[in-house]
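Reviewing the structure listed below.
In the text below, chain A, chain B and the rest are named by the order of the sequence lines, each starting its count at 1.
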Amino acid sequence: MNELLIKPSHELHELLNKKEVSSSELTKLFFERVESVENKVKAFVTLTKEEAIKKAKAVDEKISKGEKIGPLEGIPIGLKDNLCTRGIKTTCSSKILANYLPPYNATVIEKIIAAGAVPVGKTNLDEFAMGSSTENSGFFTTKNPWNLETVPGGSSGGSAACVAASEAVLSLGSDTGGSIRQPASFCGVVGLKPTYGRVSRFGLIAFASSLDQIGPLTKDVTDAAILMNIIAGYDPKDSTSANVAVPDYTKALTGDIKSLKIGVVSDLMGKGIDNAVKDAIKAAIKKLEELGAVIEEVSMPSFEYALPCYYIIAPAEASSNLARYDAVKFGHRTPDPQDLLSMYYNSRREGFGPEVKRRIMIGTYVLSAGYYDAYYLKAMQVRTLIKQDFEKAFAKYDVLVSPTSPSVAFKAGEKTGDPLSMYLSDIATIPVNMAGIPAISLPCGFSNGLPIGLQIMGKVFDEEAILKTAYAYEQATEWNKQRPNL
Amino acid sequence: MSKYESVIGLEIHAQLLTESKIFCSCSTTFGNEPNRNICPVCTGQPGVLPVLNKKVVEFAIKTALALHCQIAPYSIFARKQYFYPDLPKDFQISQYELPLATNGYVEINVNGNTRCIRIHRIHLEEDAGKLVHAGSDRIQGSTYSLVDFNRTGVPLMEIVSEPDMATPEEARAYVQEIAALLKSLGVCDAKMEEGSLRCDGNVSIRPVGDKNLGTKTEVKNVNSTKALKDALDAEIVRQIKAVDAGERIIQETRHFNENTGQTISLRSKEEAHDYRYFPEPDLVPLEVSKEWIDEIKQGIGELPAEKIKRYVEQFGIKTEDVETILESPGMAEFFEGAIRLYGKPQIVANWLTGEISAYLNAKKLEIKNSKLKISTLVGMLALIDKGTISGKIAKEVIVKMLDTGKSAEEIVKESGATQISDEGELIKAIQEVIKNNPKPVQDYKDGKKASITFLVGQVMKVTKGRAKPDLVNKLLEKELS
Ligand SMILES: [Zn+2]
């Protein structure tokens, strides 16, 4: 494999600047790679080769004129297919949006365009980001590049797999209950879920509005910081985005974590976590200690309720957010509906897959008169408890660590018949979304040739602390240098 | 006398006169071709988010202050969920728990009695779009339907009263009072016929003296205050008949048919909606600071009730004239401006409520959009005072002023309609009248002094009204003596 394919963006940026490679050559190289491995990996729903070539050419002209280029200019990027791209199909991997052409760009897309990145294509996901394996995609399942028999995780499975398989240098995903971190963990890449409100959600097709957040999937921690620099910031089009100053995240990458206080979440190191995963996390913790961090165990008693509460709140919001797919304005419409109701029923029946229907039904139920207080309101109260547990812990610790996922990537088909066991694969990531805090997953070992992910959680708007910790760990280990053999 | 009494509460939906919609920057202009005022946000495209228009909140706070409400420092928006093709997101962003304002009141006048009607709450929400059906007037039975999203997201303010009205007449007076208030605040043009003010009535009956409320029905589809009164009258009669016949009133929505004058059941029980309200996660709670409220308070100025009182006391003009002046947008400012320049409030009021209002109503104009200026009106009044034109001529002149925007002087000059002040010219006309009317002249000379009135009238006719009547009178007496 050409070694340019395995380099992170900051190294490619140097080469572009030194004119050792052009963006057009890089783009050509990546599309050749896509051609040779995509039939195995199936990371992309739509490829945007024409756009990419045009963009790369423009960047090369800039370079040839001696103009300065930004850190992501000319770098091939994958975009999760729930981010609206004007005039380019945006499907959410759902049949109901199979031919949807957004009339506008998501704010992050505008930022990526302004940054000059080269779009490789739109990546596959679990339909409407509901799932943990991309097996819920309405089109096809993405494969884990480390072992094509296993899943890449989800819902940002395509975004994680395309980076792991070197079909793109980096990518954007979205994370509602672990949808960036869990696939990052499964595919052996870095994935960061920013603080809720840090990145504009405008143009991210909503799954659960109070939990969704866009973030980077990258080959290393430095790339995650670089991509964060581009996408973070207040957006007047998103009322829930925070008007909080955005630091230069690359400045946090000092490698120095001496005296940093780290809490190990004991509730995520016991029952239900695979031994191989536990061992890798323990080794990682030891490494952090060697680097000068102070390690203690911390218990988060509310965590055991996070999963059930998530499966009330997220479906409740989803049932409402997905109401608009009614065949009136856009999306799939059943042929020859007899009347309004049959148009609604049949279009939605044909357009949505089983997991989406399951969540719409759960969400509709928990918001119904007579059930609202017992389910939705109660879940929101528990959510407050989870936040308080984190606040208490962060009064003492700078960051918290845990496994990202209880296991390594599982076999395709293994959990599709058992939604509850599928849901459990997000047990360590969900509390983070419930509290709105930032967290990163990065490679910390292997089991049976499959990557294991270390999750580092931080205080609200303190992405710097988790990046700093992750960077120090990454510098001291070689895990992120491993590449799958396709 | 009836053994029943009625209890009425009203829900008023007022379209706010902001330039842009409540959650996006699309124009709210009425009457554009379908789907012109639309964008990804108000058509509910995947991925869009609402952003609250601050002006909308300001208008609602203004109204809340005028209605003596408590304004919540912290209120939230909620999703009201139901499927309908005119609702692009299939939920309406509204307020449910924690509305913007609560606990207010307004005073109304009915047959000389003042009544206080309490306001339960005021909240904000977005309007829905409009459906056009082919082959039927409703979606059922139509071959296809088209949807126009121009109105989608136009800001609505819902004002909910307590069940404090005892008669349809009071309900009508309440709506009129609220409409006048909204107009004078400049937050809503309150045109029921055009739907910018919509009103639903909740009505129940109970035996006179009973303290418990009966089962209420909701009466919809009234597009004038008269229709509201008629609908409530009809519904009360229906309920009394039903109860007297031993039937039970069921809680339901009833549609008023203006042609038959009856209400008919609109929704059966099984279609009752569960709107599955929950807090809108895409909007942050609306926080209203004391400073902001104070700032808005400063900008409100005088309310209609206060203004009526002041005009009557300060200017000594008739209450009904004040009401006419206040009903017409911008006329109060015009009135006060004219008084500052000219004085004589009742004379200004007479012109404004008479010829000028008649002209504006006929042309569906507001005074500020008409060609009449304060200075030109005052100029015309001065010409009357100087005797250059008569009051009668002035009534023609004012129409020409409204038509052309010219000053009274210009118009008078062009038409030669000035009064004849040259006595020689007048005496010529008088002599002609004396010659042609020997009988009245003889009567006058025989002592029937009243016949001079006829002769003055004849002189006015001959001079086409350009003579000054008292001068004619004086000169006639002289000629006849
Ligand atoms: Zn709009």
Taking atom types as modelled, is there a side-chain donor on [X] or [Y] under 3.5 Å from an acceptor on the other?
X	Y	answer
A/Ser200	A/Ser241	no
A/Thr91	A/Asp81	yes
B/Thr215	B/Gln251	no
B/Asn32	B/Asn150	no

Tell me, side chain or backbone of [X] under 4.5 Å from chain B's heavy atoms, or both, or neither?
X	answer
A/Asn321	both
A/Thr364	both
A/Tyr376	side chain

| request: Measure up the A/Phe352 and A/Tyr325 rings against each other and bin them: parallel (under 30°), tilted (30 to 60°), perpendicular (over 60°). | output: perpendicular
| field | Worked check of side-chain hydrogen bond (donor to acceptor under 3.5 Å, both in side chains) between A/Thr90 and A/Thr85 | value | CA-CA 7 Å; A/Thr90 301; A/Thr85 43; 3.1 Å; yes
Is chain A contacted by the side chain of [X], its backbone, both, or neither, given a heavy-atom distance below 4.5 Å?
X	value
B/Gln81	side chain
B/Phe149	side chain
B/Phe91	side chain

| said: Just to be sure I understand the criterion: a residue of residues 338-349 of chain A counts if one of its heavy atoms is under 4.5 Å from a heavy atom of chain B. Which ones qualify? | reply: A/Leu340, A/Tyr344, A/Arg348
Flag the one option from [options] with the top tally of heavy-atom pairs under 4.5 Å to chain B.
options	answer
A/Ala316, A/Gly331, A/Ser209	A/Ser209
A/Pro103, A/Pro102, A/Cys92	A/Pro103
A/Ser368, A/Ser320, A/Ala208, A/Gly370	A/Ser320
A/Ser319, A/Ala369, A/Ser210	A/Ala369

| said: Out of B/Asp282, B/Leu283, B/Leu87, return the one with the most heavy atom pairs under 4.5 angstrom to chain A. | reply: B/Asp282
| task | For each of B/Pro88, B/Pro279, B/Pro40, tally heavy-atom pairs with chain A at distances under 4.5 Å, and name the one with the top tally. | result | B/Pro88
| said: With ring-ring contact (aromatic ring centres under 6.0 Å, His included) as the rule and sequence neighbours excluded, what pairs involving residues 82-102 of chain A come up? | reply: A/Tyr100-A/Phe330
| said: Using ring centroids (six-membered ring only for Trp), state whether A/Tyr365 and A/Tyr375 fall under 6.0 Å. | reply: yes
| task | Please round to the nearest 0.5 Å and tell me the distance separating atom CG of A/Leu125 and atom NZ of A/Lys80. | result | 5.5 Å
| request: Quick one: do A/Arg359 and A/Phe128 satisfy side-chain contact (heavy atoms from CB on, under 4.5 Å)? Show the steps, please. | output: CA-CA 11 Å; A/Arg359 297 199 196 188; A/Phe128 282 100; over 6 Å; no
| message | Within 45 degrees of the ring normal and closer than 6.0 Å to the centroid, is that where the cationic atom of B/Lys80 sits relative to B/Tyr275? | response | yes
| said: Using only atom types and a distance under 3.5 Å, with no angle test, would you say the side chain of A/Ser93 pairs donor to acceptor with the backbone of A/Ser137? | reply: no
